[in-house]
Number of protein chains: 2
Amino acid sequence: MSAAREESRVPGREPLTAPVEDYLKAIYAIGRGSGAAATNEIAQRLALAPASVSGMVRRLADQGLLAYERYHGVKLTESGRRAALRTLRRHRVIEAYLAEALGYPWDRVHEEAERLEHAASDELVDRMAATIGEPEVDPHGAPIPTKDGSVDETEYTSLADLAVGASGVVVRVADEDPEMLRYLGELSILPGKRITVKSRAPYDGPITLGSGRQEMSIGPALASHVLVAPLADRAGKRG
Amino acid sequence: MSAAREESRVPGREPLTAPVEDYLKAIYAIGRGSGAAATNEIAQRLALAPASVSGMVRRLADQGLLAYERYHGVKLTESGRRAALRTLRRHRVIEAYLAEALGYPWDRVHEEAERLEHAASDELVDRMAATIGEPEVDPHGAPIPTKDGSVDETEYTSLADLAVGASGVVVRVADEDPEMLRYLGELSILPGKRITVKSRAPYDGPITLGSGRQEMSIGPALASHVLVAPLADRAGKRG
DNA sequence: GAAATAAGTTAGTATGTCCTAACTTTTCCC
DNA sequence: GGGAAAAGTTAGGACATACTAACTTATTTC
Ligand SMILES: [Mn+2]
Ligand SMILES: [Mn+2]
Ligand SMILES: [Mn+2]
Ligand SMILES: [Mn+2]
C-alpha cells in the first residue's frame, strides 16, 4: 500500500507542511551561517517539548532536509537551506506587504505572516513584492532573501555591544515580541535611526542613548535586540 | 492528562482547522437555505472517500457544528452556519482583493483563496475589504457575507434555464474550474453582461446567445454554470 | 414486496505531529 | 576521572485526518 507512495518520494518535490517549514526556519535562524542547532534550542524557539523535536528532526533528516547526528544537533543540508530561505522570503515579503499596502502596524505583521507564509503561493509572494517595489528588507529591517535563494548574512553589532561614545544606524530589530516593538516605536528606535551610546551603567545597568536632540535610557536586554551598523566615530567596539 | 484539555473545550471558541472549515463550507453550499447534505455529495465536493466523511461528520456533530442523523445526511446548526459564513466571507474577500489589488486573473483567485481563507485573520480580511472599498461580490459575482453573518441568498436562474427569446444580466459564474473561467472570459460572459437566448437546440444541444452585436453558442453544461437575473422581456422561464 | 442497486457506516490501518515519563549520553566541575 | 547536572533520546500514547474493505441500511425497480 505504501509502495506507490514510496516511489513518488523522488528527491524532494512534495510541498512541505507548515510545521516542517517552521522547523527549517528555526534551524536556519539558530545556525545561521554554519553552526549546528541544538535540540533544546529548536524546542525553545518553537515552544515544543524537546522530545517532539527529536522525533521531527529524524524525519527531516530522512527526507534529506538536514544532517543529524544523534546527541549532536542538526545542520541544514543544501536542500533544507533552500527550503528555509524560501519560507523566510515569504515571511518577510508578507510582512513588508502588510505594513506597506494594508497599513498594518509593525508589531502585528509577524504573527500574521507566521501563518500566511505557509499558505501563500510563490506567485502571490512575487506579486506582493512587485506591488510594493521589491523591498530589500522587511519592516523590522531583516533582509529579504531573493527568489534564487541568496540573502545578505552580514552580522551586525547590537546596541548592547556598542562602545560608549560610538554611534550607529539602526538596521534591524527583533520582530517577535509585539510589546517590545511598540515600545521601540515609542522611543522611535527604528531602522534608519542614528543613535549614539552616551553611557552605560555597570552590572548590566541602563544604557543611555542619544538620537538627535532626544536622550533616553534602555536596559541591556532590550539593547541586545537592536542591531546597528556602527559608524566610524570616536570610539570602537567593546567585547 | 486530558482533563485540562477537556475542560477548556467549553462550547466552541477554539479555532477551527482548515479541513473543518472546508467541510462546513461544502455543507453550506450543498444545503444552501435549508436542505440536508448527503454524505456522498460532501465527499465528492471535497474529493474524499465517503467513509472519511462519515467519520468527520460525527466529530463535527459532537462539536455542535451540525445536526447528524445516521444514514440521513447532515444540516448545519446555527453555530455551524456562522462558521461557514465566516469562512465564505474570508474566501470571497480574499478573491476580490487578489483580483483588485494584486491583478490576479479571475481564474486563479479561487485556488489561492482556498488556502488563504484558513490562514488570514479577521483583521486582515477586514483590512483587505476596506482597502478595495467593501465590495459586495467576489470576482465571480458571488455575494460576500457581512461580518455579522448575513448573505444575500437569492437564487438565480441559470442560462440553461432561460427561455428562448428571454434576456438576463449575468450575475454570477461558477468559480472552481479555471479553464471554464478562461473560456467564459474569452466569450466575455462576465458578471454584468446582458445576454439574450437566441435559440436552443434539442437534446441538450447548443444554446445560441446574443450579447450586444456578438453572437455565440455554448453547451448546456457550461450554460448551467452561468447565473443570470432575468430581465422583464418578451418571454418567461422554461421548466 | 423482494431483489438489486445505491448510499452510508464501521473496522482496521496509516501518517503527521505532539505530549509525558523514563532512560541514556554528554558535559561540567571538583 | 568520576559523579552531578544538562542535554537528548526512546517508549508509549493521543488526536486529527485520511484510506480501503467489508458490512448495513435505504431506495429503486420490477
Ligand atoms: Mn510559520
Ligand atoms: Mn520581520
Ligand atoms: Mn479551503
Ligand atoms: Mn469566487
Side-chain angles (χ1 to χ4, degrees), chain A residues 1-9 12 14-27 30-31 35-63 65-75 83 114-115 118, chain B residues 1-9 12 14-27 30-31 35-63 65-75 83 114-115 118:
Chain A
M1 238 96 281
S2 59
R5 217 162 298 184
E6 213 66 61
E7 238 178 289
S8 80
R9 194 160 291 262
E14 329 80 44
L16 303 174
T17 63
V20 166
E21 290 183 336
D22 284 338
Y23 270 88
L24 296 176
K25 270 201 317 175
I27 292 164
I30 292 167
T39 299
N40 277 354
E41 215 170 339
I42 300 170
Q44 192 182 3
R45 260 186 187 261
L46 298 175
L48 298 174
S52 308
V53 174
S54 287
M56 177 64 108
V57 131
R58 187 216 296 282
R59 263 175 285 143
L60 297 185
D62 289 349
Q63 287 178 59
L65 293 165
L66 32 90
Y68 173 39
E69 220 183 328
R70 246 163 56 272
Y71 290 103
H72 296 288
V74 300
K75 282 182 64 170
E114 200 53 61
R115 282 172 284 109
H118 312 294
Chain B
M1 242 99 280
S2 60
R5 216 162 300 183
E6 213 67 60
E7 237 179 289
S8 79
R9 192 160 292 263
E14 328 77 47
L16 303 174
T17 62
V20 166
E21 290 183 336
D22 284 337
Y23 269 88
L24 295 176
K25 270 201 317 176
I27 293 165
I30 292 167
T39 298
N40 277 356
E41 215 171 338
I42 301 170
Q44 193 182 4
R45 260 186 188 260
L46 298 175
L48 298 173
S52 309
V53 174
S54 286
M56 177 64 107
V57 132
R58 186 215 297 282
R59 264 175 285 143
L60 297 184
D62 289 348
Q63 286 178 59
L65 293 165
L66 32 90
Y68 172 39
E69 220 183 328
R70 247 163 56 272
Y71 289 102
H72 296 287
V74 300
K75 281 183 63 171
E114 200 53 61
R115 282 172 284 107
H118 312 295

On the nucleotide [N], are OP1 or OP2 found under 4.0 Å from the side-chain N or O atoms that [X] carries?
X	N	value
A:Tyr68	D:dT9	yes
B:Arg59	D:dA16	no
B:Arg58	C:dT9	no
B:His72	D:dA26	yes

*Output the residues of residues 49-56 of chain A in contact with DNA chain D, where contact means a heavy atom of the residue under 4.0 Å from an atom of the strand; sort by number or write none.*
A:Pro50, A:Ala51, A:Ser54
Considering only [options], which nucleotide approaches the side chain of [X] most closely?
X	options	answer
B:Thr17	D:dT17, C:dT10, D:dT25	D:dT17
A:Leu48	C:dC18, D:dA18, D:dT25	C:dC18
A:Tyr71	C:dG8, C:dT24, C:dT10	C:dT24

Could you give the [atom1]-to-[atom2] distance, from [X] to [N], as a whole number of Å?
X	N	atom1	atom2	value
A:Ile42	D:dG8	CD1	C1'	11 Å
B:Leu46	D:dT17	CG	C1'	13 Å
B:Glu69	D:dA26	CD	P	10 Å
A:Gln44	D:dA6	CD	P	15 Å
A:Leu60	C:dT17	CG	P	8 Å

Point-to-point distance, once rounded to the nearest 0.5 Å, from [atom1] of [X] to [atom2] of [Y]:
X	Y	atom1	atom2	value
A:Asn40	A:Ser54	CG	OG	8.5 Å
B:Glu21	B:Glu114	CD	CD	10.0 Å
B:Lys25	B:Ile30	NZ	CD1	12.0 Å
A:Tyr23	A:Arg59	OH	CZ	7.5 Å
B:Thr39	B:Arg70	OG1	CZ	11.5 Å

_What contact category does A:Arg70 fall into here, base, sugar-phosphate, or nothing, at under 4.0 angstrom with non-hydrogen atoms?_
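Here A:Arg70 touches the backbone only, sparing every base.
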_For A:Ala83 versus A:Leu24, what's the shortest heavy-atom pair and its separation?_
CB-CD1, 3.7 Å
_Atom CZ of B:Arg58 with >12 non-hydrogen neighbours under 6.0 angstrom_ = no
